[in-house]
Structure formats: structure tokens, C-alpha cells
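Structure, as C-alpha cells:
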Amino acid sequence: MHLPFIRRILLAYVLLTAIVSGVFSLSIVAIVHLVEEHLVANDMLRDLNTALQEDIALKQQPRLDAHSQLFTTLDARYALPEAYAQLPEGFSEVFEPDRAFYAYTLLRNGQRHVLLQQQDEFEQREQALFNIVLAGFIVTLILAWALGWLMARQVMRPVSRLADDVRQLRPGQSPQHALQRHYSADEIGELARAFDTTLAQLQDALQREQWFTSDVSHELRTPLMVIGSSCELLEQSDLQPAQRNQLARIQRASQSMQELVHTFLQLARDPRHALANRHATLGVVAQEHVEHWRQAMLDKGLDFSLSGRAAADSHYDASLLGTVLNNLLRNAWHYTESGHVRLELHEHGFAVHDSGGGITAEEQAQLFEPFVRGRHARGEGLGLGLALVKRICEREGWQIEVSSQPQQGSCFSVRLKS
């Protein structure tokens, strides 16, 4: 799962603060503990020397507070218990089931002297210090989160604004809408300049494509009109059946070229400003292309059929839908040597089945790329038919899928957007 960038900034800031403040807090507790032990050890050594030199030596009661106890081998009244006889010399700690002591052991003239002091008071002070440090750590994290959130929003604000500006850009906008002049000369400004450069390149490429498509389409319309009018004149002549069949083929090819020219013009324009065109149901367009391909399929010895029923209340751009159908049927005709080609209609689209050589998984991965042809390529095509089909489907919001196994035929399924 990827966190939004603003949350990653916040998380990094809080983690850094937690690490720094945590190390600092632990250092404070450790230093205070060490200093306290050092001071306690010095105090206990001073009290122990005072008790031995001024009290025990004069046979007086040691002047110790209620939390301290003296044991020594020098005076039987303060006999040293066996449990404390093996304590190391100097400062140490003694832990019992229900309490704990600080101990200071002194060896002098062959005598062992031990001063015990209860830790209750020191533990209370340490607990109070720990609570204060913990509260400071928690407050620091809360402040770090709040400050980090404000800083992250401040950092991301120009990025978000730039993203909004980029989303509002449209191809063909004039240069005065350049992004970089709205941002300072920092990293965001550099990013805005990169967007400006890329957008200019895209606009230039799009403009060249639109000009090329428009020019080619315009130049093709004139000879297509000549072909069409000539076919109409020939229809009125006295032709033999074979000649009339050839004329029908020329008329269908001319009509296909006109639809293809219209398709290219449609793809070159913004979808919001599409050209007006005939709209028809899937059933009508499918029947037209079945009639167009029927003779070619029969001449190749293929069993060609149309089955199923399309929705009668959904209409589509006849040129775009016809181009998709025409390319898929041509593809099936090229790659099927024997057997069948079947166009199957259903409520949400159609499928083209064939009994050709099939398509391997490696070929399917790049099947819709331009200039890609299968290892069993047929005809003089350049590998642009399926790329054009994919482009039309993406433009219209249709979904195309292919399923195939080597030597088991192929199936191209198109789900139309209602």
C-alpha cells in the first residue's frame, strides 16, 4: 500500500522527532541515575566513616536516619548477617523479595563494615523523573505531529496547485497559459518548466498529426468521390453478371475507404468535438460487414456465419464500429486457412471466433502494438489493424479481450459501452 506523499513527509518528521527525543529522554534518565548513584555512594561513605570514627569508636549509638542500618564485625551489637558478608567492596545494590537497598561495604584493618540504605525514597524520585520525561516525550510527539502536518501541507501546497493547473490544461492552449511564470525559481518552478516543455512537445506532435490526418483525408475524398460516381454510372450500363459482381466489390471497397477516412478524422479530433456521422445498432453494422466479407470467406473455403442477437436500443458510431468489425474479420480471414469464422452477437457486444493457428501467450502480450505481426503473418499488412482497433476501443470506452491457444483458434471479444 502506497501512502500519500504528504503522509510520508509527516511520518518521516514524526519518526525523526521520536528517535531524537527518545534518545534524549533515555540519556537524561541514564545520566540522572548515574549521578544519583555517585552522590548516594559518597553520602553513604561519609555516613559510614562518621559512624565508625565518631560513634562506634566511642561506644555510642550510630547517628543514622531511620532508612539506614549499620553492620560491622567490629562491634557485636551490630553483627554482620551472613547474607551481607559476601558483598563486594564499595557501592552495590541488594535486592530482597519485598524491598531493595543500597549497600556500601568498607574493608579496614581486617574488619568488614556494611551500611544499608532503603531505596524507597530514591525510587520515588526516579519514578517522578521517569513520569516527567515520559510526559515530555509524549507532548513532543504531539507537537511534532501538529508541526509536521502544517509543514507537510505547506510543502505540498504548491505541488497540489501545480497538479490542478496541469489538469486544467488542454491541448492547443496559447503560450500565455505557461505554468512556469506562476511559480518561483525553486524545485516546483523547475517541475513547472518541465511540464511546459513537455506540453509544448505534445501540442506540436498533436498538431502535426491533425494536419497530416486532415490533409490526407481531404486528398483522399476527391478520388473516392470519383470512384463512387463512376460506379453509379456503371450501374446504369448493361453489364454481365460477372462484371456486376466486380462492380459491387469496387463499391464496397470504396465505401470501406470512405468509412476509414472518417474514422481517421474522428480519432484525430477531440472526442468532445466529434464529427457528425451515421449511428446504427450493432446488428445493422454487423449484417453489413457480414455481407461484405461473405464472398471472400466462401472463396477461401471457410464456413462463415453470424449468430446471436444484439441489443436493439443501443446505437453506435457506424464508422468506428464498422472499422473495428472490419479489422477483426479481416484478421480472422488472413490467419484462418481452413475451418470456420464465426461472428457472434450478444446483448453487450460481439465476439469473432476463428479456427486458425492461434496466438501464443508471448504474442498476445504485444498483439495490439503498432507494426506487430504474428509469426504466421499473412497478406501484405503492416500490423496496424489491431492497433487501430485498440485505439478506437479506448476512445469509445469499449473493452477488447483476446483468448487463444496455439493450433486451437482465437476469439476476440469486444464489450461495447451502452
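- One distance of note links NE2 of H334 with NZ of K300; it measures 7.5 Å at 0.5 Å rounding.
- Taking 4.5 Å as the limit, every side-chain heavy atom of Q69 sits out of range of all side-chain heavy atoms of L64.
- Taking CD of E36 as the start and CZ of R125 as the end, the distance is 5.0 Å to the nearest 0.5 Å.
- More than 12 heavy atoms of other residues, nucleotides or ligands shown are found within 6.0 angstrom of CZ on R77.
- Using a 4.5 Å heavy-atom cutoff, the side chains of Y316 and L416 are in contact.
- Within 6.0 Å of CD in Q60 there are more than 12 heavy atoms belonging to other residues, nucleotides or ligands.
- Side-chain atoms of I392 and W398, non-hydrogen and from C-beta on, do get closer than 4.5 Å to each other.
- No side-chain donor-acceptor contact under 3.5 Å links H346 to the backbone of G308.
- Put simply, the side chain of Y335 does not reach to within 4.5 Å of the side chain of D354, judged on heavy atoms.
- When side chains are defined from C-beta on, V402 does not count as touching L386, because their heavy atoms never get closer than 4.5 Å.
- Counting only N and O atoms by type, the side chains of S68 and D65 include a donor and acceptor under 3.5 Å apart.
- In this model, no donor atom of one side chain and acceptor atom of the other lie less than 3.5 Å apart for H292 and E288.
- Shown here for R112 and L87, the closest heavy-atom pair between the two residues is NH1-O, 2.9 Å.
- E344 contributes no side-chain N or O that, together with a main-chain N or O of H353, makes up a donor-acceptor pair within less than 3.5 Å.
- Side-chain atoms of D43 and Y102, non-hydrogen and from C-beta on, never get closer than 4.5 Å to each other.
- One finds no salt bridge joining R391 and E394 here, because no Lys/Arg side-chain nitrogen approaches an Asp/Glu carboxylate oxygen to under 4.0 Å.
- With a 6.0 Å radius and a threshold of 12 heavy atoms from other residues, nucleotides or ligands, F130 has its CZ atom at or below the threshold.
- More than 12 heavy atoms of other shown residues, nucleotides or ligands fall within 6.0 angstrom of atom CZ in R8.
- Shown here for C411 and A351, the closest heavy-atom pair between the two residues is SG-CB, 4.0 Å.
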Test V341 against W333 for side chain to side chain contact (heavy atoms under 4.5 Å, CB included), laying out the working first. CA-CA 7 Å; V341 173; W333 178 75; 5.8 Å; no
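- For the residue pair H113 and R108, the shortest heavy atom distance occurs at NE2-O, 4.1 Å.
- Look at D164 and R161 and you find no salt bridge, because none of the NZ, NE, NH1 or NH2 atoms lies under 4.0 Å from a carboxylate O.
- Two residues are said to be in side-chain contact when any heavy atoms from C-beta on lie closer than 4.5 Å; T105 and Y84 fail this criterion.
- With hydrogens and angles disregarded, a donor-acceptor distance shorter than 3.5 Å links the side chain of N131 to the backbone of Q127.
- Checking side-chain atoms of W293 against main-chain N and O of L329 turns up no donor-acceptor pair under 3.5 Å.
- When all heavy atoms are compared, the tightest approach of A51 to L70 is CB-CD2, 4.1 Å.
- Side-chain polar atoms of R157 and Q154 form a donor-acceptor pair below 3.5 angstrom.
- E401 and S413 form no side-chain donor-acceptor contact under 3.5 Å, judged by distance and modelled atom types alone.
- At least one donor-acceptor pair closer than 3.5 Å links the side chain of S355 to the backbone N or O of S338.
- Counting all heavy atoms, side chain and backbone alike, I359 lies closest to S404 at N-OG, 2.7 Å.
- Taking both residues in full, the closest heavy atoms of K390 and I400 are given as CD-CG2, 4.0 Å, listed atom of the first, atom of the second, then distance.
- Atom CD of Q86 sits in a sparse spot, with 12 or fewer heavy atoms from other residues, nucleotides or ligands closer than 6.0 Å.
- Ion pair E54/R63 flagged as a salt bridge, since at least one NZ, NE, NH1 or NH2 atom sits closer than 4.0 Å to an Asp/Glu carboxylate oxygen.
- The aromatic rings of F368 and F412 lie perpendicular to each other, with more than 60° between the two planes, well past the 30° mark.
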Where do L321 and F350 land on the side chain to side chain contact (heavy atoms under 4.5 Å, CB included) test, with the steps shown first? CA-CA 11 Å; L321 181 56; F350 63 92; 3.9 Å; yes
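- The closest side-chain heavy-atom distance from L106 to L52 is below 4.5 Å.
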